[in-house]
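Everything on this sheet refers to the single structure shown next.
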Number of protein chains: 2
Amino acid sequence: MRIGELATEAGVSVRALRYYEEQGLLAATRSNSGQRLYAAAAVDRVQLIQNLYAAGLASRTIAELLPCVDAKESTPESRARLAAERDRIDGQIAELIETRDRLDAIIELTERPEHSGCSIH
Amino acid sequence: MRIGELATEAGVSVRALRYYEEQGLLAATRSNSGQRLYAAAAVDRVQLIQNLYAAGLASRTIAELLPCVDAKESTPESRARLAAERDRIDGQIAELIETRDRLDAIIELTERPEHSGCSIH
DNA sequence: CTAGAACCTGACGTTGACGTCAGGGGCAAG
DNA sequence: CTTGCCCCTGACGTCAACGTCAGGTTCTAG
């Protein structure tokens, strides 16, 4: 598939895909005329990349982790790296849950019209 | 307390605090000589702001939400706004959990030295 | 064969949350 | 009084993940 189709399938921009290639996150073969060609599996790959970006990983970090994903093997260092990122994400989740609960409390507070009387009236 | 102390207490930079004021997120009284003075409650406020930033809210959005937090009351619109952001955060949490699980799967995969034979040896 | 969509490679623009530097004032200790 | 630390206001710098524009090539439908 060509870049436009992949972009549509994966829900990202064409520019983003070229950027991922530039960063070494996503390889493509080329047609005779130089157009990028992708396998169907690229859709999943792009979504993983997006997930990792959304989790706050930088291109450089992703670029360091993906090769060992592809190779399906890892050095002790890369394993530690993966685990560290996993734990970071865990921390982020906990933080987000806390933030959501604070927001809930605020909503609770602001929802009561006058005083917080709970009388059934 | 002055700005340096608040920065230390809340774990952010002095520059960040000035930026929050510029964005209308954090008010301060001024001493005769023009120095910013904060109440003790400001520490908590700053941490809430940080939480909201970490949850992906922009300054503008936070600036729109905080006043109704202070007033402890809300218009129907602001209530909808609060709920919408809450739901956005919920979505983010779900996405992060998915990402974490994908990472876990990857770790699983790469941890097995050779083939995935589960034989006890 | 030709118009228009899709692709290519640079390369500069954008945005948000600060970092950092310049230049100057105020305040407690010695 | 002066040394040193904290404070002030601009105002420019930064960085990442793209957006966007220019100028040119390629593919495809009629």
Side-chain angles (χ1 to χ4, degrees), chain A residues 1-39 42-43 45-66 85 88-89 92 95-96 99, chain B residues 1-39 42-43 45-66 85 88-89 92 95-96 99:
Chain A
M1 74 198 320
R2 293 191 303 173
I3 197 170
E5 192 182 346
L6 175 58
T8 305
E9 293 286 315
V12 303
S13 72
V14 166
R15 178 68 174 92
L17 295 178
R18 295 204 188 103
Y19 178 73
Y20 297 164
E21 180 173 321
E22 193 182 317
Q23 300 299 306
L25 308 182
L26 181 65
T29 59
R30 296 293 182 126
S31 75
N32 287 342
S33 57
Q35 301 199 351
R36 291 170 180 84
L37 297 177
Y38 300 92
V43 177
R45 172 86 162 211
V46 170
Q47 281 165 358
L48 174 59
I49 294 173
Q50 290 272 317
N51 277 336
L52 295 177
Y53 274 134
L57 304 214
S59 290
R60 266 201 55 184
T61 310
I62 300 178
E64 285 167 25
L65 296 183
L66 282 183
E85 293 302 337
R88 233 181 35 74
I89 293 176
Q92 253 184 285
E95 208 182 317
L96 278 184
T99 303
Chain B
M1 74 198 319
R2 293 190 303 174
I3 198 171
E5 193 181 346
L6 176 57
T8 305
E9 293 285 316
V12 303
S13 71
V14 165
R15 177 67 174 95
L17 295 179
R18 296 205 188 100
Y19 179 72
Y20 297 163
E21 179 173 320
E22 193 182 318
Q23 300 297 308
L25 308 182
L26 182 64
T29 59
R30 297 293 184 129
S31 75
N32 287 341
S33 56
Q35 301 199 350
R36 292 171 180 84
L37 297 178
Y38 300 91
V43 177
R45 172 90 162 205
V46 170
Q47 281 165 358
L48 174 59
I49 293 174
Q50 290 273 314
N51 278 335
L52 294 177
Y53 274 134
L57 304 213
S59 290
R60 266 202 55 184
T61 309
I62 301 178
E64 285 168 25
L65 295 183
L66 282 183
E85 293 301 338
R88 233 182 36 75
I89 294 175
Q92 252 183 288
E95 208 182 318
L96 279 184
T99 303

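A, B, ... follow the sequence lines: proteins, then strands. Residue 1 opens every chain. Computed from a predicted structure; not experimentally measured.
- The interatomic distance linking B:Leu6 (CG) with D:dC8 (C1') rounds to 16 Å, in whole Å.
- Straight-line distance from the CD1 atom of B:Ile3 to the C1' atom of D:dC8: 10 Å, rounded to whole Å.
- Look at A:Arg15 and A:Glu21 and you find no salt bridge, because none of the NZ, NE, NH1 or NH2 atoms lies under 4.0 Å from a carboxylate O.
- A:Tyr20 and A:Gln50 are linked by a side-chain donor-acceptor pair at a separation below 3.5 angstrom, with hydrogens and angles left out of the test.
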TODO: Can you check each nucleotide of nucleotides 15-20 of chain C against protein heavy atoms at under 4.0 Å and return B for base, S for sugar-phosphate only, - for none, in 5' to 3' order?
DONE: --BBBB
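- The residue A:Arg36 sits close only to the backbone: its heavy atoms come under 4.0 Å of sugar-phosphate atoms, none of a base.
- We find that CG of B:Leu37 is positioned 15 Å from P of C:dG26, with the value rounded to whole Å.
- The pair A:Glu5-A:Arg2 does not meet the salt-bridge criterion, since no charged nitrogen lies less than 4.0 angstrom from a carboxylate oxygen.
- Regarding B:Arg18, its CZ atom lies at a distance of 8 Å from the P atom of D:dC7, rounded to whole Å.
- Residues B:Leu26 and B:Tyr38 are in side-chain contact: their nearest non-hydrogen atoms beyond the backbone lie under 4.5 Å apart.
- Note: CD1 (A:Ile49) to P (D:dA16) measures 17 Å, nearest angstrom.
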Open item on the list: Output one letter per nucleotide in nucleotides 25-30 of chain D: B when a protein non-hydrogen atom lies under 4.0 Å from the base, S when only the sugar-phosphate is that close, - when neither is.
Closed with: -SS---
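- Ion pairing of A:Arg18 with A:Glu22 is absent here, as no side-chain N (NZ or NE/NH1/NH2) approaches a carboxylate O to less than 4.0 Å.
- With contacts defined as side-chain heavy-atom distances shorter than 4.5 Å, the pair A:Leu66/A:Ile49 qualifies.
- The heavy-atom pair separating B:Ala10 from B:Val46 by the smallest distance is CB-CG1, 3.6 Å.
- Side chain to side chain, A:Tyr53 and A:Ser59 meet the donor-acceptor criterion of an N or O pair below 3.5 Å.
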